[in-house]
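The next block holds one structure in the form of structure tokens; read it before the comments.
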Amino acid sequence: MKGAWLGTKAKAYIPPFLLEENMKEEGLVEYFEHFLENNTIFKKKLVLQSHYAPNTITHRDEQINAVAKILAPTLRGEQTSNLFIYGKTGTGKTLVVKHTTEKLLHIAQQRDIKVKVVYVNCKLKRVADTEYRLLAQLARSFGKEIPATGLPTDEVYNVFYEVIDSTRCINILVLDEIDQLMERAGNDILYNLTRINSELKESRISLVGISNDLSFTDKLDPRVKSSLSEEELVFPPYNALQIQDILRRRSDLAFHENVLEPGLIEKCSAYAAREHGDARRALELLRVAGEIAERECQQQVLIAHLDKAEQKIENDRVYHIVRTYPKQSQVILYAILCLHLKKRELFFTGEIYELYEYLCKKLNFRPLTQRRVSDVLSELDMLGLIRARIISKGRYGRMREISLSIGETILPLIKKTLEESLGL
DNA sequence: GTCAATTCACATGAAAGAGACCACGGTCTAGTG
DNA sequence: CTAGACCGTGGTCTCTTTCATGTGAATTGACGA
């Protein structure tokens, strides 16, 4: 049972492909001791983690100043314009907003000015991804407990208005990944939030919306758009040199001296720049490369580790999605997998549905309708597990042309996982 | 040969249903003084 | 008399189905050269 001891706790489950070949039960104690003694790679790994907030933010001075200028009037007790920030992932939007609001709060506290900042990530599943949940979450952050469900939304609005008004101060609501909220809950919630000040007597609210989706404002209701985007800021992606600089600063804190192979940072930033200047991804890559080097008991993080890290991150992602996917969707993915393994490059919606129906019959599942399967297929496409393209074959109809985009290295494991999960 | 109409096989959108989960208020019941 | 169990009602949320409409190029068939 190689590695079973690592896999007993469901949440900390480590996929089999990560397990060390050289780690047998008898060597366990030695391994742990060796691990502790040989802490030669990381000085402070935390620095490379995505939620780490550095003291100084590099290459974002312009944006910090802009946010500060817009939010500064709160210090005089004035309501500010609503601010809308957009830029691709890993361009430092959240970091800049959190950094600036923290400093603002600091000054406010020193001068005894009543300002409150509430940060909510609207993407968080089952936390703030619907109208009700967002309001409940906001009310909660003002100290009012609201049940997870059961109350009418109107009532939650009332509670929220009351609790906000009772603060008697300027409140800055930061809604991160606001596009996700819009997608799920529609324009109404944003419209209501932008109009909230007319309902309040004692307090004021300023909204800061953050979105990864550059075309988000196009989808907004014009009424919401004009009031939410009173001020707009675009965060450009970092270029390779900037990412290099960021990586260098962070790695100085995170790693011991001379641990990184020369050229590693450059390679890492080149990877990230290729991925549209995503600094978060670059840091993750560096951290995982370090972890791999550590696990291999190496003294240095090598470029080869970087390549492994890239592969590992992708494999982990795919593996996690597949394992946590609902059963029905797993059957659909399995059908696609089977078609792919029949060494077919491309296949179409109809073929997949046919095989899916067959598999359902075999598994004693009630098959979903084609309509639903169509949605699942586009979900799979969005998750990057398949590539789907809508094509028209003229007289022979319009359909998705689908190919699998799971790496060949992880394919056998995915197949096995699906078979185990489905009991095939 | 040309061109408009037709056709196919889904894609996509909207609305609504099913079932899980939860809060709340009213009613019932058993235990206590 | 009271605390706790139980139940019905009304709410949200997610997943799903049903129904309706949209799509785009190959095919078809009428028409004229």
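A, B, ... follow the sequence lines: proteins, then strands. Residue 1 opens every chain. FYI, side chains are in, hydrogens and waters are out, and symmetry mates aren't considered; it's all heavy atoms of this structure.
- If you check C:dT27, C:dT16, C:dT12 against the side chain of A:Tyr132, the one that comes closest is C:dT12.
- Whole-Å rounding puts the A:Gln370 CD to C:dT17 P distance at 12 Å.
- Between the OH atom of A:Tyr157 and the C1' atom of C:dG11 there is a distance of 16 Å, rounded to whole Å.
- Within the cation-pi definition used here (under 6.0 Å to the ring centroid, within 45° of the axis), A:Arg287 does not qualify as a partner of A:Phe255.
- If you take CD of A:Glu155 and P of C:dT9, they are 20 Å apart, rounded to a whole angstrom.
- Taking atom CD of residue A:Glu401 and atom P of nucleotide B:dC10, one finds them 13 Å apart after rounding to whole Å.
- A salt bridge does not link A:Arg366 to A:Glu357: none of the charged nitrogens lies less than 4.0 Å from a carboxylate oxygen.
- Note on A:Asp307 versus A:Lys267: salt bridge recorded, some NZ/NE/NH1/NH2 to OD/OE distance being below 4.0 Å.
- Residue-level contact check: A:Ser378 touches neither bases nor backbone, having no heavy atom under 4.0 Å from any strand.
- Salt bridge present: A:Lys45 and A:Glu291 bring a charged side-chain N and a carboxylate O closer than 4.0 Å.
- Distance A:Glu379 CD to B:dA11 P: 14 Å, rounded to the nearest Å.
- By the 4.0 Å N-to-carboxylate-O rule, A:Glu102 lies too far from A:Lys98 to be salt-bridged with it.
- Atoms CG (A:Asp375) and P (B:dA14) sit 13 Å apart, rounded to a whole Å.
- Listed candidates were C:dT18, C:dT23, B:dC10. Nearest to the side chain of A:Met399 is B:dC10.
- Checked against C:dC13, C:dT17, B:dA11, the side chain of A:Ser374 finds its nearest nucleotide in B:dA11.
- Among the protein residues, A:Glu131 comes within range of no part of the nucleic acid, since none of its heavy atoms lies under 4.0 Å from any strand.
- Of the side-chain N and O atoms in A:Thr349, none sit less than 4.0 angstrom from OP1 or OP2 of B:dC10.
- Across C:dA26, C:dG24, C:dC13, the shortest atom-to-atom separation from the side chain of A:Ser392 is found for C:dG24.
- The residue among A:Arg400 and A:Gly397 whose nearest nucleotide of DNA chain B is located toward the 5' end is A:Gly397.
- Distance from the side chain of A:Thr369 is smallest to C:dT17 among C:dC13, C:dT17, B:dC10.
- Residue A:Arg398 has its side chain nearest to B:dA9 when only C:dC13, B:dA9, C:dT17 are considered.
- Among C:dC13, C:dA26, B:dT12, the nucleotide with an atom closest to any side-chain atom of A:Ile390 is B:dT12.
- When each of C:dC15, C:dT27, B:dT12 is scored by its nearest atom to the side-chain atoms of A:Arg372, the top-ranked nucleotide is C:dC15.
- When each of C:dT16, C:dA26, B:dC10 is scored by its nearest atom to the side-chain atoms of A:Leu368, the top-ranked nucleotide is C:dT16.
- Salt bridge annotation for A:Glu284-A:Arg317: absent, with no cationic side-chain nitrogen under 4.0 angstrom from a carboxylate oxygen.
- Distance A:Tyr325 OH to C:dC15 P: 10 Å, rounded to the nearest Å.
- If you measure from atom CZ of A:Arg371 to atom P of B:dA14, you get 10 Å, rounded to the nearest angstrom.
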